[in-house]
Amino acid sequence: MITVDAAWGHVERCSRCLADQLVPIGEALGLRLSAAVFSRVDSPPFDKSMLDGFAVVSSDRSPTRKVIEQVVAGGVPHHAVVPGMAINVMTGAPIPEGADAIVKVEDVRHLDEKTIEMPTSGVAHGKGVLPRAAAFHKGQEVLAAGRPLSPVDIALLAEIGLAEVRVISRPRVAVLATGNELVKAGWPVERGQITNSNGPMLIALLESEQVRSIDLGIGRDDPAELRRLMGEGLAADILIVTGGVSAGVLDLVPGVLQELGVEQVFHKVRMKPGKPLWFGQYEQAGHRALVFGLPGNPVSTLVAFEIFVKPALRVLRGESFRPPASMRGVLTAQVSLRGKRPTYYPCRIHFGDRAAGLPKVEPLAWSGSADLAALTRANALAVLPVQEAEFAVGDQVEVIAL
Ligand code: AMP
Ligand code: MG
């Protein structure tokens with residue numbers, strides 16, 4: 001059995017950033033740019049009006065102007081503006097030649113259909129005009145390499161005319177729940193059976209990580225069936241299998257994975273819950289897959305996902321490896337550790353309620369690794385080291401936010 005630190009070392013060593021690919025901008029949210037993006041255009045592409053109003057010559061002091069044309073956004077002016085004249089422009093319309101300022105429509109008075117009276121204060125040079133390339137110019141770097149694309153970044157890509165963008169590929173993660181006792185949610189449950197909750201949880205966790213999941217459903221504890229389903233899952237970048245990695249007579253997953261050519265990297269980690277965790281790597285014809293065999297109990301599955309799968313996913317997506325971020329908090333109740341393994345304990349961080357400058361951390365009533373209901377009340381896992389068996393009210397602990 002290895003420590004969590006040693007296990008992180010192995011996961012880091014085996015995880016590689018995925019190759020890049022060209023994807024439509026509509027599918028690029030959250031993905032990282034594999035190269036910097038340089039603009040192919042000036043923004044704005046022409047001097048444009050920021051107002052609905054009248055394009056005029058600002059140095060012209062005549063109190064009224066004759067309106068010679070109207071230009072909407074998307075249109076182009078056909079005349080130049082000279083003293084005594086104005087062109088009615090809408091927001092986004094190109095600035096007509098000769099004009100250097102826009103008077104707001106609200107600031108003029110219409111004397112007749114074709115004549116306007118200027119405001120007595122006149123109009124300052126440049127007012128209402130957004131000059132060509134004011135935001136950025138052609139050839140300028142607009143987005144740095146490695147950046148995860150936000151909705152606004154996607155808008156910027158569209159603005160510069162890119163329909164596709166080169167990004168680090170989105171990881172594909174296959175999920176297989178194993179166990180003879182498992183039934184798909186919504187189906188009748190006979191005596192001895194339970195519903196598969198890990199599958200839907202993992203798919204949802206992956207979705208919140210913006211990962212594309214491949215649901216392999218439920219596999220019975222049968223070598224041929226496991227071989228077929230896990231063989232399919234090895235085509236993904238990560239295969240997550242739950243159940244079947246402990247010491248029971250039907251814990252067949254490690255054996256079948258090794259038959260399929262997956263190299264075992266470690267099996268069993270000194271942690272609670274999650275001890276039976278199995279981790280391996282697979283390489284064939286240039287394709288690499290990481291395989292996580294998570295213990296079947298749902299809390300173990302969640303903890304192992306948070307502690308090990310997420311850091312690996314980050315590396316595949318182009319980030320550097322890091323264990324889950326933690327913060328310090330102060331316990332509001334006593335907790336005792338049973339056993340000799342560091343424990344990830346479901347708790348609730350009260351961010352607005354502080355003691356000694358730190359948020360309070362409430363350990364939740366928890367009946368063990370099958371207790372999903374306790375997890376629904378949790379927003380964090382307290383990391384309780386083995387050096388102490390008892391944690392008292394007021395003790396400071398590390399917590400990992402969920
Ligand atoms: P295992 O890791 O296969 O020994 O399973 C450990 C415990 O987790 C057993 O009580 C299983 O019934 C339960 N379990 C296994 N897989 C699932 C699952 N997909 N959803 C809910 N509970 C599960
Ligand atoms: Mg099982």
Side-chain angles (χ1 to χ4, degrees), residues 1 7 173-208 211 213-230 232-233 236 238-260 262 264 266-280 291-309 338-339 341 343-344 346 366-378 381 402:
M1 191 151 50
V173 180
V175 174
L176 174 67
T178 74
N180 283 339
E181 72 280 32
L182 300 180
V183 172
K184 189 178 156 94
W187 289 69
V189 179
E190 310 282 331
R191 186 170 156 75
Q193 295 184 322
I194 58 167
T195 299
N196 170 23
S197 50
N198 287 336
M201 174 170 68
L202 285 167
I203 305 269
L205 284 164
L206 292 165
E207 196 174 321
S208 58
V211 166
S213 58
I214 302 148
D215 187 1
L216 297 173
I218 296 169
R220 283 177 299 123
D221 297 312
D222 165 70
E225 181 158 324
L226 292 177
R227 206 173 293 124
R228 178 176 64 78
L229 289 167
M230 296 197 296
E232 205 178 307
I238 294 183
L239 165 62
I240 304 177
V241 182
T242 73
V245 290
S246 307
V249 289
L250 285 181
D251 288 334
L252 309 172
V253 168
V256 175
L257 282 170
Q258 283 174 76
E259 275 172 46
L260 286 167
V262 183
Q264 175 180 316
F266 63 77
H267 189 190
K268 295 199 172 70
V269 180
R270 191 177 304 284
M271 64 191 287
K272 189 177 176 176
K275 178 176 93 175
L277 176 67
W278 192 96
F279 175 66
V291 182
F292 291 89
L294 312 186
N297 268 311
V299 182
S300 314
T301 291
L302 176 91
V303 169
F305 183 89
E306 292 291 329
I307 306 298
F308 294 109
V309 183
R338 274 162 281 147
R341 281 175 282 143
T343 298
Y344 294 85
W366 179 40
S367 75
S369 6
D371 189 355
L372 265 183
L375 264 194
T376 63
R377 293 185 289 273
L381 298 167
L402 290 175

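For ligands, and for the atoms within them, numbers begin at 1 and follow the listed sequence.
For atom 9 (C) of ligand 1, the nearest non-hydrogen atom from the set Gln193, Glu181, Met201 belongs to Glu181. In this comparison of Ala177, Gly248, Gly296, the heavy atom closest to atom 16 (N) of ligand 1 sits on Gly296. With atom 4 (O) of ligand 1 as the reference point, the heavy atom nearest to it among Thr301, Val241, Val253, Asp251 is part of Asp251.
If you check which protein heavy atom lies closest to atom 22 (N) of ligand 1, you get Ile194 CD1, 3.3 Å. From the protein, the heavy atom lying nearest to atom 20 (N) of ligand 1 is Ser197 N, 3.1 Å. Taking atom 18 (C) of ligand 1 as the reference point, the nearest protein heavy-atom neighbour is Asn198 ND2, 3.1 Å. When only non-hydrogen protein atoms are considered, atom 10 (O) of ligand 1 lies nearest to Asn297 OD1, 4.2 Å. Nearest protein neighbour of atom 19 (N) of ligand 1, counting heavy atoms only, is Asn196 OD1, 2.8 Å. Nearest protein heavy-atom neighbour of atom 3 (O) of ligand 1: Gly244 N, 2.9 Å.
Here the side chain of His267 pairs no donor or acceptor atom with the backbone of Phe279 at under 3.5 angstrom. Side chain of Thr242 to main chain of Gly293: no donor-acceptor pair is present (N/O by atom type, distance under 3.5 Å, no hydrogens or angles).
For the residue pair Leu252 and Pro223, the shortest heavy atom distance occurs at CD1-CD, 3.9 Å. The minimum heavy-atom distance between Asp251 and Ser246, with the atom names listed, is OD2-C, 3.0 Å. The nearest pair of heavy atoms linking Ile218 to Val183 is CD1-C, 3.7 Å. Here the closest non-hydrogen pair linking Arg220 and Glu225 is NH2-OE1, 2.7 Å.
At least one side-chain heavy atom of Trp278 sits less than 4.5 Å from a side-chain heavy atom of Val262.
For the side-chain contact (heavy atoms from CB on, under 4.5 Å) with Leu294, the qualifying choice from Val241, Leu277, Asn198 is Leu277, the only one to do so.
Remark: distances from the non-hydrogen atoms of Thr195 to ligand 1 include one below 4.0 Å.
Contact annotation for Val245 and ligand 1: no heavy atom of the residue comes within less than 4.0 Å of the ligand.
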